[in-house]
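What follows is one structure encoded as structure tokens, with my remarks underneath.
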Amino acid sequence: MIALIEQYPQLISLGIVLILTMALLWLIQHLMIRYGKRLLGFISRSELWLRRHIVRLPLMVRLQDKYPATSGFIAQRFARGHFSGLILTVLTLLNIYILALFAGLVEDIVEADSIVTTDLFVSQHMSVLQDSSIVPAFIFVTSLGSTPITCLIILLTAILCTAIRQPYILVGLLISTIGSTTFTFLSKMAFQRSRPIDILLMEDTYSFPSGHATISIALYGFLAYMAIRFSTHFVRQVRILSLTILLCLLIGLSRIVLNEHYLSDIMGGFLVGILWLTIAISMTEWLTARGKINWRIIWSAPQRYTVWFSFVAVLVTTFIYANIYQFPLLG
């Protein structure tokens, strides 16, 4: 082990990144489990207090008297209790913010800003790890974001949604996956950024943004959203969220370790994935508000077995795919 570390000092940096990431996620999870409900309650009370005091301001009173229709429309956008109110407003603002971040990232890459220097620095260091023993593990992780595996997961999810008689959930899943994949493809064709020189697994597509990073957020993020919506236990919901974030980060990291993408490619992919995940959640919540989706179902034993069977099937298929298809691509 010591000889391996001396031969690959980059392993120390990678190990530190992994340890710090998991420690940070554990800390956030611990804080959310312990203080999450109190924080949400505090935010809710603060928002109600702020709303009451704002509407009583003299300026707001004059605006309501002078422009009643406009004031009513704005008030509806921040109203609770229905999807087209505060929920839709928050999701819309979040999408605008994500688009702004993505545009800023694109501008930095096009203008060869400092982020490009960071990309090259990280890529050069990761190229040293191509012969290390950690490559097989990261090939398995990166296979979780491959097209065959994601298609299998979507198919199994469709079967599960049919079994529990909630087919409208698939609308959001398809929006998240197909929308993000299409956006990523068009972005690759628009920017035509070349992949790193020392690429480990041969790819014939462009580099920015990372399709694996995009689909990790769009697919696994939506699956986590489904699991959280079906669950009624706050602690379980927090743990599902933490594990999903860790999985997405590992898939993104695998693309960097295997030198398939630059760091900014992964950042761009994550932003695209979050954008379409937000859109998909918005559509799913709208369908829920219209009574098309029922999250409070009682799961039967066969349905639970279907979930576990799907989980095992994905892991086994990923292992087979990584060994039969991915390993022969090693340069």
Side-chain angles (χ1 to χ4, degrees), residues 18 21-22 25-26 29 32-33 136-178 180-181 211-255 270 273 276-277 280-281 284 293-327:
L18 286 173
T21 300
M22 289 188 288
L25 283 175
W26 178 88
Q29 174 183 280
M32 289 181 64
I33 291 175
F138 279 101
I139 287 181
F140 175 81
V141 173
T142 205
S143 297
L144 291 170
S146 62
T147 300
I149 301 303
T150 55
C151 289
L152 173 63
I153 293 174
I154 293 173
L155 175 62
L156 292 174
T157 306
I159 295 174
L160 177 62
C161 290
T162 303
I164 61 176
R165 299 180 181 178
Q166 301 297 326
Y168 282 94
I169 296 178
L170 294 176
V171 175
L173 178 64
L174 294 178
I175 288 175
S176 185
T177 53
I178 296 178
S180 62
T181 301
H212 279 66
T214 300
I215 201 65
S216 68
I217 298 290
L219 175 59
Y220 294 109
F222 192 84
L223 294 179
Y225 161 76
M226 288 174 55
I228 290 172
R229 276 306 243 128
F230 279 122
S231 176
T232 56
H233 301 286
F234 180 74
V235 174
R236 185 183 300 166
Q237 292 173 339
V238 172
R239 287 174 177 166
I240 290 171
L241 179 61
S242 300
L243 289 175
T244 304
I245 293 175
L246 178 60
L247 175 61
C248 294
L249 290 177
L250 286 176
I251 292 176
L253 181 62
S254 72
R255 306 305 287 171
F270 282 160
W276 283 95
L277 176 61
I281 290 176
T284 308
I293 301 175
N294 177 23
W295 299 102
R296 296 294 177 258
I297 63 174
I298 299 176
W299 290 75
S300 64
Q303 292 169 348
R304 294 180 183 275
Y305 292 149
T306 301
V307 175
W308 285 108
F309 170 80
S310 300
F311 179 76
V312 174
V314 169
L315 290 181
V316 172
T317 306
T318 303
F319 179 80
I320 296 174
Y321 173 80
N323 282 273
I324 292 180
Y325 180 75
Q326 295 280 55
F327 278 104

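This chain uses plain numbering: 1 for the first residue, then up along the sequence.
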*Short question: side chain of Ser146, backbone of Ser143 - any donor-acceptor pair under 3.5 Å?*
yes
*Inspect the surroundings of CZ in Phe230 and state if more than 12 heavy atoms from other residues, nucleotides or ligands are less than 6.0 Å away.*
yes
*asked:* Taking the side chain as everything from C-beta on, heavy atoms only, tell me whether Leu253 gets closer than 4.5 Å to Leu18.
replied: yes
_Applying salt bridge (Lys or Arg N to Asp or Glu O under 4.0 Å), can you list everything that pairs with Arg239, at least two apart in sequence or on another chain?_
none
_Any non-hydrogen side-chain atom of Thr177 less than 4.5 Å from a side-chain atom of Trp276?_
no
_Thr244: which of Leu247, Ile240, Leu241 passes side chain to side chain contact (heavy atoms under 4.5 Å, CB included)_ = Ile240
_With a sphere of 6.0 Å drawn around CZ of Phe311, does it hold more than 12 non-hydrogen atoms of other residues, nucleotides or ligands?_
no
*Would a 4.5 Å heavy-atom cut-off, applied to side chains only, mark Leu160 and Gln166 as touching?*
no
*With a 4.5 Å heavy-atom cut-off, do Met226 and Leu173 have their side chains touching?*
no
*Under 4.5 Å between any side-chain heavy atoms of Ile153 and Ile149, yes or no?*
yes
*Considering only heavy atoms from C-beta outward, does the side chain of Phe140 approach that of Leu315 to under 4.5 Å?*
yes
*asked:* Do His212 and Ser254 make a side-chain contact, defined as non-hydrogen atoms from C-beta onward lying under 4.5 Å apart?
replied: no
_Among Leu246, Val235, Val238, Leu243, side chain to side chain contact (heavy atoms under 4.5 Å, CB included) partner for Gln29_ = Val238
*So, Tyr225 versus Trp295, ring centres under 6.0 angstrom or not?*
yes
_My understanding is that only residues two or more places apart in sequence, or in another chain, count here; which of them pass side chain to side chain donor-acceptor pair (under 3.5 Å) with Ser176?_
none
_As a quick check of understanding, evaluate side-chain contact (heavy atoms from CB on, under 4.5 Å) for Thr284 and Arg229, giving each step before the final call._
CA-CA 11 Å; Thr284 308; Arg229 276 306 243 128; over 6 Å; no
*asked:* Measuring only between side-chain heavy atoms, which start at C-beta, is Trp299 closer than 4.5 Å to Ile297?
replied: yes
